[in-house]
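Written out below as structure tokens is the structure these notes cover.
Treat the numbers as computed from the prediction; the structure is a model and nothing was measured. Computed from heavy atoms alone, side chains included, the values below leave out hydrogens, waters and symmetry copies.
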Amino acid sequence: MRRLAVLGAVFALHTVVAQAAGVSTDTKQAPAGAYQIEPRHTVVLFAIPHLGITDYYGRFEKTSGTLNFTPGAPEKSSVSITIDMPSLNVPNSELLEELVAGDAFDTAKFPQATFTSTSLERTGPTSGRMTGDLTIHGVTRPVTFDVTFNGGAPSPMGPGYYLGFHAATSIKRSDFGLDKMGWTGFVGDDVKLTVEALFQKQKG
């Protein structure tokens with residue numbers, strides 16, 4: 001029995017290594033064309049200073065969007081992402097009600113946030129700075145994300161190809177009219193945004 005367990009562990013390790021070996025951070029190895037967000041493995045996180053002594057985290061659990069990828073010149077690629085605001089989740093139900101309320105995100109009136117890229121500057125083999133229009137709470141502002149290309153890999157589940165990215169930026173909530181809450185004085189104005197995005201190659 002012990003021998004079987006050891007063999008199973010070795011097989012699992014071999015599988016992981018084999019899968020990792022299929023990952024490439026060379027953008028030229030990735031197929032060109034249209035990709036779509038894989039929503040089960042994409043997450044948008046925010047962190048906001050609370051009382052100046054901790055960061056409070058929340059996440060949006062539903063996203064959709066597209067990537068038009070140009071392997072030989074990634075700076076010519078474009079991205080469009082939509083965030084489902086009612087999918088917001090935080091560790092406490094009482095605080096969640098306060099965040100979706102009319103004096104905060106007001107998700108009933110503004111059910112979507114969007115980001116549409118307008119330019120991309122390549123800063124390294126796997127990094128860049130992506131600028132675009134971010135719309136939250138009905139307000140649109142230009143925002144620049146620092147982006148890292150984590151790599152691409154064939155789908156382990158069949159035909160298809162995946163691209164993974166990490167993106168981060170910081171915005172001021174007051175720029176988006178999110179400073180009218182009764183508790184606004186308890187939290188900072190600077191909000192960190194982090195996106196872990198998985199895109200799946202579309203057929204055709």
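Heavy-atom minimum distance, Ala104 versus Leu99: CB-O, 3.2 Å. Nearest heavy atoms, Ala153 versus Val23: CB-CG2, 4.0 Å. Contact record, Ala34 with Lys201: O-CD, 3.7 Å, taken as the closest heavy-atom pair. Contact detail for Thr116 and Ser80: the closest heavy-atom pair is OG1-OG, 4.0 Å. Of all heavy-atom pairs spanning Asp175 and Val139, the tightest one is O-CG1, 3.5 Å. Pairing each heavy atom of Lys62 with each of Ser87, the nearest pair is N-OG, 3.0 Å.
Checked against salt bridge (charged side-chain N to carboxylate O under 4.0 Å, His left out), Lys172 has the following partners two or more places apart in sequence or in another chain: Asp190. When the salt bridge (charged side-chain N to carboxylate O under 4.0 Å, His left out) test is applied to Asp146, the partners found at least two apart in sequence or on another chain are Arg129. With sequence neighbours excluded, the residues satisfying salt bridge (charged side-chain N to carboxylate O under 4.0 Å, His left out) with Lys192 are Asp55. Residues passing the salt bridge (charged side-chain N to carboxylate O under 4.0 Å, His left out) test with Arg141, sequence neighbours excluded: none. For Ser117, the side chain to side chain contact (heavy atoms under 4.5 Å, CB included) partners at least two apart in sequence or on another chain are Ser78, Val79, Phe115, Met130.
Between Leu45 and Glu196, every side-chain heavy-atom pair lies at or beyond the 4.5 Å cut-off. At least one side-chain heavy atom of Pro91 sits under 4.5 Å from a side-chain heavy atom of Tyr56. In this structure, the side chains of Thr107 and Leu88 stay at 4.5 Å or more apart for every pair of heavy atoms. Taking 4.5 Å as the limit, every side-chain heavy atom of Thr184 sits out of range of all side-chain heavy atoms of Phe186. Looking at heavy atoms from C-beta onward, Phe46 lies in side-chain contact with Phe60 at the 4.5 angstrom threshold. Contact annotation: the side chain of Ile81 approaches that of Ile37 to within less than 4.5 Å [non-hydrogen atoms, C-beta and beyond]. Using a 4.5 Å heavy-atom threshold, the side chains of Leu193 and Ile171 count as touching. A heavy-atom distance below 4.5 Å is found between the side chains of Arg173 and Asp179.
Under the 4.5 Å side-chain heavy-atom criterion for grouping Ile, Leu, Val, Met, Phe, Trp and Tyr, Leu198 is not connected to Tyr35 through any hydrophobic cluster. Tyr57 and Ile53 fall into different hydrophobic clusters, where Ile, Leu, Val, Met, Phe, Trp and Tyr are joined by side-chain heavy atoms under 4.5 Å apart, directly or via other members. One hydrophobic cluster holds both Val191 and Leu51 under the rule that ILVMFWY side chains link at heavy-atom gaps under 4.5 Å. With hydrophobic clusters built from ILVMFWY side chains whose heavy atoms lie under 4.5 angstrom apart, Val187 shares a cluster with Phe176. Hydrophobic cluster membership is shared by Val143 and Ile48, with clusters built from Ile, Leu, Val, Met, Phe, Trp and Tyr side chains linked at under 4.5 angstrom.
Separating the CD atom in Glu75 from the OG1 atom in Thr123 is a distance of 11.0 Å, to the nearest 0.5 Å. In this structure, CG on Asn150 lies 8.0 Å from NE2 on His166, to the nearest 0.5 angstrom.
Ring pair Phe165/Phe199 is perpendicular by interplanar angle, where above 60° counts as perpendicular and below 30° as parallel.
Ring pair Phe110/His137: centre-to-centre distance below 6.0 Å.
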- [ ] Could you give me the CA-CA distance, side-chain angles and deciding distance for Thr118 and Asp133, then say whether side-chain contact (heavy atoms from CB on, under 4.5 Å) is met?
- [x] CA-CA 7 Å; Thr118 56; Asp133 294 326; 3.9 Å; yes
Open item on the list: Checking Gln200 against Tyr161 for the side-chain contact (heavy atoms from CB on, under 4.5 Å) test, could you report, in this order, the C-alpha distance in whole Å, the side-chain angles of both residues, the deciding distance, and whether it holds?
Closed with: CA-CA 6 Å; Gln200 184 175 18; Tyr161 200 88; over 6 Å; no
Sequence neighbours left out, cut at 3.5 Å: what donor-acceptor pairs do the side chains of residues 66-74 make with other protein atoms?
none

